[in-house]
Amino acid sequence: MLMERLVVGRLQTNCYIVGCTQTDKALIIDPGDEATHILDSVRAAGLETTDIVLTHFHFDHILAADTLHEKTDATLHIHEDEADHLRHPPTLFRAFSPDVPQGLEADNLLQEGNKLSIGALSIQVLHTPGHSPGGISLWLPEEKAVFCGDTLFREGLGRSDLPGGDHQTLLKSIREKLLTLPQETRVYPGHGPPTTVAHEARHNPWLASRG
């Protein structure tokens, strides 16, 4: 697996380029802004974008999705519980960014347990709601890596006070879907540095005391 992290936009969102070294096919995760920068990085790596996955509908994770979708003709994915939010983003988001796209349609609606293939890479969809109702994480078992959007951060977790958020649901998602992955699994969050399942289980102040 080839992986590059790009930090984009005003909120410093992690956009990930995940490539298959055998086929040069690529997945873009959370194109939060700076479409040209993302496209240039994909091309510099010699990759072809076949898929774009949005871990959730929040504006700082989708601002470049429309442009990338148009320029690459890649399949755009989001969880089925977020499709309507993607089409009709909350008015609140316009207070943060006037560029939030309206009427953005995903090509494919995801559910828990769905699998995506990017060349030879196999990716499993984990439904991890709480930060948003249809938040997802992308688990690559053979690579022991998970891309978790804003569900879990290094020694932190996502906020739950935005539309569709719920703190107890978020904690349940983390404990049942992420902390149960192999301890050595690398965790790539939507903001900030990577971490591991083992580190968060032991040191995350929101989680460690609760096991």
Side-chain angles (χ1 to χ4, degrees), residues 1-5 13-20 27-30 32 51-58 60-61 77-83 85 106 108-162 164-211:
M1 178 181 77
L2 179 153
M3 195 279 287
E4 183 175 0
R5 175 171 73 109
T13 301
N14 290 332
C15 170
Y16 296 99
I17 300 167
V18 178
C20 171
L27 161 68
I28 296 174
I29 302 171
D30 287 348
D51 295 82
I52 301 166
V53 174
L54 308 177
T55 61
H56 59 295
F57 72 95
H58 291 169
D60 56 319
H61 291 252
H77 308 262
I78 198 167
H79 190 273
E80 61 181 3
D81 290 347
E82 309 252 312
H85 295 292
N108 186 44
L109 302 183
L110 299 170
Q111 298 177 332
E112 167 75 20
N114 284 168
K115 292 185 178 179
L116 302 175
S117 296
I118 308 299
L121 296 175
S122 179
I123 301 172
Q124 183 174 335
V125 176
L126 307 177
H127 184 206
T128 49
H131 178 65
S132 70
I136 60 170
S137 298
L138 301 175
W139 160 232
L140 285 74
E142 294 181 1
E143 306 294 333
K144 290 204 168 42
V146 64
F147 298 85
C148 64
D150 288 0
T151 299
L152 180 65
F153 302 129
R154 182 177 174 85
E155 299 183 15
L157 46 77
R159 61 190 296 175
S160 54
D161 59 345
L162 293 172
D166 182 83
H167 183 69
Q168 291 305 315
T169 300
L170 180 64
L171 290 174
K172 186 173 187 286
S173 291
I174 294 170
R175 291 178 185 138
E176 295 184 1
K177 299 290 181 67
L178 298 180
L179 295 189
T180 55
L181 297 176
Q183 292 288 290
E184 66 272 25
T185 299
R186 295 286 290 175
V187 177
Y188 295 101
H191 301 271
T195 183
T196 65
V197 168
H199 183 89
E200 298 313 306
R202 295 186 185 116
H203 302 295
N204 191 308
W206 294 93
L207 305 170
S209 64
R210 300 176 176 88

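Atoms considered below: every heavy atom in the structure, side chains included; atoms not considered: hydrogens, waters and symmetry mates. The model shown is predicted, which means the values in this text are computed figures rather than measured ones.
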Self-check item: Steps toward side-chain contact (heavy atoms from CB on, under 4.5 Å) verdict (V53, I136)
Solution: CA-CA 10 Å; V53 174; I136 60 170; 3.8 Å; yes

Quiz prompt | Test log, rule side-chain contact (heavy atoms from CB on, under 4.5 Å), inputs N204 and L152 | solution = CA-CA 10 Å; N204 191 308; L152 180 65; 3.6 Å; yes

Practice problem: Could you walk me through whether L138 and V125 pass the side-chain contact (heavy atoms from CB on, under 4.5 Å) test, one step at a time? | Solution: CA-CA 5 Å; L138 301 175; V125 176; 4.2 Å; yes

Quiz item: Can L181 and V187 be said to form a side-chain contact (heavy atoms from CB on, under 4.5 Å), step by step?
Solution: CA-CA 10 Å; L181 297 176; V187 177; over 6 Å; no

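The two atoms that bring W139 and P182 nearest to each other are CH2-CD, 3.7 Å, heavy atoms only. The minimum heavy-atom distance between P133 and F57, with the atom names listed, is CD-CE2, 4.2 Å. In plain terms, the two heavy atoms of G135 and H56 that are nearest each other are CA-CB, 4.3 Å.
For the side-chain hydrogen bond (donor to acceptor under 3.5 Å, both in side chains) test with D150, the passing option among H61, R159, H58 is H61; the others fail. When L109, L110, I52 are each tested for a side-chain contact (heavy atoms from CB on, under 4.5 Å) with I78, only one passes: L109.
In this view, E112 and K177 satisfy the salt bridge (charged side-chain N to carboxylate O under 4.0 Å, His left out) rule, not counting sequence neighbours. Not counting sequence neighbours, the partners of H79 by the ring-ring contact (aromatic ring centres under 6.0 Å, His included) test are H127.
Rounding to the nearest 0.5 Å gives a distance of 11.5 Å between OH of Y188 and SG of C148. Note: T185 OG1 to L178 CG = 9.5 Å, rounded to the nearest 0.5 Å. Here the CG-NE2 distance, from L54 to H85, works out to 13.5 Å after rounding to the nearest 0.5 Å. Distance check: H167 NE2 to W206 CH2 gives 5.5 Å after rounding to the nearest 0.5 Å. Here the OG1-CG distance, from T180 to L126, works out to 8.0 Å after rounding to the nearest 0.5 Å. Rounded to the nearest 0.5 Å, atoms CE (M3) and CG (L27) are 11.5 Å apart.
Side chain of D30 to main chain of T13: no donor-acceptor pair is present (N/O by atom type, distance under 3.5 Å, no hydrogens or angles). Side-chain atoms of S173 do not come within 3.5 Å of backbone N or O of G130 as any donor-acceptor pair. Between the side chain of N14 and the backbone N or O of P189 there is at least one donor-acceptor pair closer than 3.5 Å. E200 contributes no side-chain N or O that, together with a main-chain N or O of R154, makes up a donor-acceptor pair within less than 3.5 Å.
In this structure, L140 and M1 have side chains that are in contact, with non-hydrogen atoms separated by less than 4.5 Å. Between L157 and T151, every side-chain heavy-atom pair lies at or beyond the 4.5 Å cut-off. Contact of the E4 side chain with the Y16 side chain is not registered, since no non-hydrogen atoms from C-beta on lie closer than 4.5 Å.
At a cut-off of 3.5 Å, with distance as the only test, a side-chain donor of E82 or S132 sits close to an acceptor on the other residue. Between the side chains of S137 and T128, at least one donor N or O sits under 3.5 Å from an acceptor N or O. In the model, N114 has no side-chain atom that pairs as donor or acceptor with a side-chain atom of H77 under 3.5 Å.
Annotation for E142: atom CD does not count as buried by contact number, only 12 or fewer foreign heavy atoms lying within 6.0 Å.
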Using atom types as modelled, flag every donor-acceptor pair under 3.5 Å from a side chain in residues 117-124 to any protein atom, sequence neighbours excluded.
none

